[in-house]
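In this text the structure is predicted, and so the values were computed from the model without any measurement. We number each residue from 1, following the sequence as shown.
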Amino acid sequence: MEITRFTKNGEIVWSFGGRDIWVNTKGKTELSIENGKIRLFDFESNEYILSFNGELLEENLNIIQKETKKWWKIFE
């Protein structure tokens, strides 16, 4: 559940944790580098944009709408 940047010697430079695992079933690329920034998508399609120093620059949450049934339609 974390993305970690290492040095060539294997030392941790920084680590970033999101809300869920770094797998996306909606077809979005989980990790990409665009315009000098790191763009991440988690399992729920929440988007995180980081600097190369691991600083969170932007966070766009995907609010998942759960389908609810009316109480009188429970048995349909």
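- With values rounded to the nearest 0.5 angstrom, R39 atom CZ is found 13.0 Å from L57 atom CG.
- By the rule that hydrophobic residues join a cluster once side-chain heavy atoms approach within less than 4.5 Å of another member, I49 and I33 end up as members of separate clusters.
- A distance-only check finds no donor-acceptor pair linking the side chain of W14 to the backbone of E55 [under 3.5 Å].
- Both F52 and I3 belong to a single network of hydrophobic side chains, linked directly or stepwise wherever heavy atoms of I, L, V, M, F, W or Y lie under 4.5 Å apart.
- Here the shortest heavy-atom pairing between S15 and E2 reads OG-OE1, 2.6 Å.
- Rounded to the nearest 0.5 angstrom, S45 OG and N60 CG are separated by 11.5 Å.
- Annotation: side chain of I12 is in contact with side chain of F6 (closest heavy-atom distance under 4.5 Å).
- Separating the CZ atom in R19 from the CG atom in N62 is a distance of 11.0 Å, to the nearest 0.5 Å.
- Taking all atoms of both residues into account, the shortest heavy-atom contact from Y48 to E59 is CE2-OE2, 3.4 Å.
- No side-chain heavy atom of F41 sits under 4.5 Å from any side-chain heavy atom of T29.
- For the pair N24 (side chain) and K26 (backbone), a donor-acceptor distance under 3.5 Å is present.
- Within the 4.5 Å cutoff, no side-chain heavy atoms of W22 are placed close to those of L31.
- Clustering ILVMFWY residues whenever any of their side-chain heavy atoms sit less than 4.5 angstrom apart, transitively, puts M1 in a cluster other than the one holding F16.
- Expressed to the nearest 0.5 Å, how far CG of D42 lies from CD1 of I21 amounts to 8.5 Å.
- For the pair L50 and L40, the minimum side-chain heavy-atom distance is below 4.5 Å.
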